[in-house]
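Worksheet for the structure shown next.
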Amino acid sequence: MCSNFTSSSIIFLLTGIPGLEAFHTWISIPFCILYATALSGNSLILFIIVTQPSLHEPMYYFLSMLSTTDLGLSISTLVTMLGIFWFNTREISFNACLSQMFFIKLFTVMESSVLLAMAFDRFVAISNPLRYATILTYYRIAQIGVAIVIRGTLMLTPMVALLKRLSFCNSHVLHHSYCFHPDVMKLSCTDTRINSAFGLTAMISTVGVDSVLILLSYVLIIRTVLSIASPEERRKAFSTCISHIGAVAIFYIPLISLSFVHRFGKGAPPYVHTMIANTYLLIPPVMNPIIYSVKTKQIRRAVIKILHSKET
């Protein structure tokens with residue numbers, strides 16, 4: 001039987017690591033390190049791109065967009081996750097839950113869109129280098145950035161708003177350290193088929209379509225690279241894509257893993273679901289700055305330059 005709650009009065013209870021509550025303080029240590037790495041690494045990448053005129057190029061503008069979405073994704077879960085580990089603060093209001101869910105989804109969709117834009121950037125740079133600067137002008141890059149934000153907002157606002165129409169049953173316990181769309185729907189005692197259909201459509205038309213277009217971009221890039229006569233030029237052309245391929249892998253692999261665990265891992269211990277769900281949101285923000293600092297010569301030089309200047 002459904003409780004007679006208005007949506008504004010509902011309080012959800014978030015969950016830490018089921019069965020490991022006694023170790024939350026210790027578990028918080030690696031998560032603190034991951035958050036510190038993500039926040040400092042992406043802030044450093046943004047600072048480098050803004051302050052180094054030599055990096056004011058399309059590739060690095062897109063990288064700055066990636067770092068911005070990674071910062072947003074990290075901040076979206078920081079308060080609730082560490083609040084649970086440190087203070088056992090599990091309560092979150094319905095509206096706060098919807099806001100957190102919206103921003104997590106928005107930054108996830110934006111990251112997918114930025115990765116697609118970066119794939120297009122690499123395709124243009126390799127297949128049409130002479131027209132690269134005229135195709136990807138500052139104005140066009142700004143348009144792409146605005147389109148990424150608008151696309152995510154338009155797709156996700158109805159998905160989150162539709163949750164307002166649901167009634168919720170006696171249990172208000174969520175199974176993650178943050179508000180996860182399928183989690184909230186499972187607590188409803190009304191029909192959620194519209195919500196499920198809209199949520200699935202939103203993710204397929206954004207992250208799903210983006211993944212297909214990224215794959216298509218790399219098919220075209222590989223075809224272009226293989227048509228280059230010189231082996232050295234082929235190697236050089238493909239090496240410019242290594243960082244982006246790494247960023248795509250660390251975004252999509254955890255996302256696909258989480259989907260598989262939720263769909264097929266019903267027999268797995270509860271803490272497995274929670275750990276994968278927590279790390280899936282942290283792996284890209286932590287790893288992207290590391291990948292681009294290691295694999296991109298210009299970024300690596302700028303990082304070393306800043307670190308040396310601080311030492312002196």
Side-chain angles (χ1 to χ4, degrees), residues 3 5 7 9-43 70-105 107-108 163 166 168-189 250-251 253-290:
S3 305
F5 288 120
S7 61
S9 68
I10 294 173
I11 300 294
F12 289 122
L13 293 176
L14 299 169
T15 301
I17 311 296
L20 299 176
E21 289 83 0
F23 304 100
H24 274 181
T25 303
W26 292 104
I27 292 170
S28 72
I29 295 173
F31 278 101
C32 285
I33 294 170
L34 290 174
Y35 274 116
T37 304
L39 296 174
S40 59
N42 287 290
S43 298
D70 281 338
L71 281 173
L73 200 54
S74 301
I75 293 168
S76 296
T77 59
L78 174 67
V79 175
T80 56
M81 201 177 292
L82 294 186
I84 290 170
F85 290 147
W86 285 348
F87 310 111
N88 198 32
T89 306
R90 297 178 59 198
E91 294 187 351
I92 185 169
S93 69
F94 181 77
N95 289 329
C97 185
L98 291 193
S99 298
Q100 184 185 46
M101 185 192 307
F102 172 77
F103 283 110
I104 289 172
K105 289 285 188 183
F107 287 118
T108 300
L163 292 171
L166 300 179
F168 292 89
C169 298
N170 293 324
S171 175
H172 291 162
V173 178
L174 299 170
H175 296 107
H176 294 84
S177 307
Y178 53 86
C179 287
F180 189 49
H181 186 254
D183 240 10
V184 175
M185 286 195 300
K186 285 177 185 175
L187 298 183
S188 174
C189 51
I250 64 171
F251 177 77
I253 291 174
L255 191 64
I256 293 167
S257 300
L258 180 63
S259 301
F260 268 91
V261 167
H262 272 284
R263 186 168 293 272
F264 303 112
K266 301 196 187 311
Y271 64 83
V272 173
H273 293 257
T274 308
M275 291 296 286
I276 291 176
N278 288 345
T279 53
Y280 127 78
L281 289 176
L282 275 173
I283 289 175
V286 168
M287 292 304 299
N288 281 335
I290 296 172

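None of these values were measured; they are calculated from a predicted model.
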Heavy-atom pair with the smallest gap, counting every atom of [X] and [Y]:
X	Y	answer
Phe31	Leu282	CD2-CD1, 3.6 Å
Asn42	Ala38	ND2-O, 2.8 Å
Pro285	Asp70	CA-CG, 3.6 Å
Thr77	Tyr35	OG1-OH, 2.7 Å
Asp183	His175	OD2-N, 2.7 Å
Gly16	Ile84	CA-CG2, 3.7 Å

Checklist line | Donor-acceptor contact present, side-chain Ser28 to main-chain Thr25, <3.5 Å | finding: yes
Checklist line | Check: Leu174 main-chain N/O paired with Thr15 side-chain donor or acceptor under 3.5 Å | finding: yes
So, do [X] and [Y] sit near enough that their side-chain heavy atoms are less than 4.5 Å apart?
X	Y	answer
Leu98	Cys179	no
Phe180	Ile104	no
Thr89	Leu14	no
Val79	Gln100	no

When rounded to the nearest 0.5 angstrom, what is the spacing between [atom1] in [X] and [atom2] in [Y]?
X	Y	atom1	atom2	result
Met185	Phe168	CE	CZ	10.0 Å
Leu34	Ser74	CG	OG	9.5 Å
Leu255	Thr108	CG	OG1	7.5 Å
Cys97	Leu13	SG	CG	11.0 Å
Asn288	Ile250	CG	CD1	4.0 Å
Phe103	Ile75	CZ	CD1	11.0 Å

Next item on the list: Would you mind telling me which of Phe85, Phe87, Trp86 makes a ring pair (Phe, Tyr, Trp, His ring centres under 6.0 Å) with His24?
Entry: Phe85
Check: Who are the ring-ring contact (aromatic ring centres under 6.0 Å, His included) partners of Tyr280, not counting sequence neighbours?
Finding: none
Note to self: As a quick check of understanding, evaluate side-chain contact (heavy atoms from CB on, under 4.5 Å) for Met81 and Leu281, giving each step before the final call.
What the structure shows: CA-CA 11 Å; Met81 201 177 292; Leu281 289 176; 5.7 Å; no
Check: So Leu39 and Leu71, side-chain contact (heavy atoms from CB on, under 4.5 Å) or not? Walk me through it.
Finding: CA-CA 6 Å; Leu39 296 174; Leu71 281 173; 3.8 Å; yes
Check: Between His176 and Tyr178, what is the ring plane arrangement, given parallel below 30°, perpendicular above 60°, and tilted in between?
Finding: tilted
Next item on the list: Could you tell me how the ring of Phe94 sits relative to the ring of Phe12: parallel (under 30°), tilted (30 to 60°) or perpendicular (over 60°)?
Entry: tilted
